[in-house]
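Every number for a ligand or one of its atoms is a count from 1 in the order of the listing. Model, not experiment: these values are computed from the prediction. For the numbers below, each heavy atom of this structure counts, side chains included, while hydrogens, waters and symmetry mates do not.
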Amino acid sequence: MKFNTKTIHGGQQVDPSTGAVMPPVYHTSTFAQESPGKHSGYEYSRAANPTRTALENALASIENGARGLAFSSGLAATDCVMRTLKPGDEVIAMDDLYGGTYRMFTRIYQDMGIKFHFVDMNDLEKFESHITENTRLVWVETPTNPLMKLADIAAIAKITKEKNILFAVDNTFATPYLQNPLDLGADIVMHSATKYLGGHSDVIAGALITKEADLGEKLHFYQFATGATLGPQESFLVLRGIKTLHIRVERHSENGIKIAEYLQKHPKIDQVFYPGLKDHPQYALANKQMKNGFGGMVSFTFKSKAKADAIQFLENLEVFTLAESLGGVESLANHPALMTHASIPEAKRLEIGVTDDLVRLSVGIEDIEDLILDIEQALK
Ligand SMILES: *Cc1c(COP(=O)(O)O)cnc(C)c1O
């Protein structure tokens, strides 16, 4: 099955009892047993629920994995991977991460005795120099939030495979329509399904997809034993979102590059961060590991370097909504330093380039003319 068919049919079957084309929302905590321990495969909804199973099968299908797991949020999915580590273990993570991921690593797991190295994955020699006999996990986002830096998934996977280190990729920004980390050698894909997979800004959800069934089973045990599962209503919403993932992300990408090109020519704008621009420092890598486009996330800074200019621009927007989050059909704008990345200490934030004049756009699927007119008037 090809991708656009998988988003609709992958892992799906009609409801066996009624023929319902979409899986019913099984609002039930428990399932009747015929005889003690003898049941239909479902016992208690923390372990499994049929609506969640339908979503998990779709997740596995679109990411080309053996197992999908649906969580109560993206961070719950990340947390599940972290729980497989022990004190003394080491993690190498990218130096530009979603703020909440960085907060979890440094304020929860670091205190529990896990050592983190935040490194620029662009420099593979430097990355390798951080590997020790205790390295258990490599965690990357690509493209990153909000600076759109890329990591070479295939090159990193080659190293982690040799050394038997688990390799996880947060694929939230790219989505499986644009990038398939498991095909490039990663062991785990993580998603904030709150974003493009759900696609309509109406649900908080997370996902893990594993290449191998054994690892999926192990993670399922941790999820079951700790409890951060996705409810049936939310599972239904994410599953419905996935059915249009391909056409949404196609349009997000068409609009995204047009806005990046518009901003690049604007006299008030300094840098534009978008992997589909020819002068993105990793444009060649973007072309190698991404396909079908480069997504709807665009960040930029002002020539003035003034925080006040960024704030005024954000206040002036009319079609774009000033809000955290991304990946929904509607266009959103965000000030990372004051909003999504406020949990990163200022010195660290400035060091990685999340400056006070940085604006991040989640370009939606509205008419491009309206989006550009809105940016134009807000910049005036
Ligand atoms: C939003 C986001 C997360 C966290 O997901 P939640 O669903 O908000 O818990 C993780 N990674 C990236 C890249 C995100 O954008």
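- Distances from ligand 1 to the non-hydrogen atoms of Thr78 include no value under 4.0 Å.
- Between Phe31 and Tyr42, the ring planes lie tilted relative to each other; the angle falls in the 30° to 60° range.
- Here atom 1 (C) of ligand 1 lies nearest to Lys195 when heavy atoms of Met104, Lys195, Met297 are compared.
- Remark: distances from the non-hydrogen atoms of Ser325 to ligand 1 are all 4.0 Å or more.
- Which parts of ligand 1 touch Ser192 is read off a 4.0 Å heavy-atom cut-off, strictly below it: atoms 1 (C), 2 (C), 3 (C), 4 (C), 5 (O), 6 (P), 7 (O).
- Judged by distance alone, with hydrogens and angles left aside, the side-chain atoms of Thr144 form no donor-acceptor pair with the main-chain N or O of Glu141 at under 3.5 Å.
- In this structure, a donor-acceptor pair under 3.5 Å is absent between the side chains of Tyr102 and Asp96.
- Other residues, nucleotides and ligands place more than 12 heavy atoms under 6.0 Å from the CE atom of Met1.
- Of the protein's heavy atoms, Tyr98 CE2, 3.3 Å lies nearest to atom 4 (C) of ligand 1.
- Contact annotation: for Leu75 versus ligand 1, heavy atoms closer than 4.0 Å belong to both the backbone and the side chain.
- Taking a cutoff of 4.0 Å between a charged side-chain nitrogen and a carboxylate oxygen, Lys6 and Glu63 do not qualify as a salt bridge.
- In the vicinity of Ala205, heavy-atom distances shorter than 4.0 Å reach the ligand 1 atoms 7 (O).
- The atoms of ligand 1 that sit less than 4.0 Å from any heavy atom of Asn145 are 15 (O).
- Checked by distance only, ligand 1 and Leu326 stay at 3.5 Å or farther apart across all their nitrogen or oxygen atoms.
- Closest heavy-atom approach to atom 11 (N) of ligand 1 among the candidates Thr144, Asp170, Thr172: Asp170.
- When ring centroids are compared, His191 and Tyr196 stay outside the 6.0 Å threshold.
- The backbone N or O of Ala76 sits less than 3.5 Å from a side-chain atom of Ser73, completing a donor-acceptor pair.
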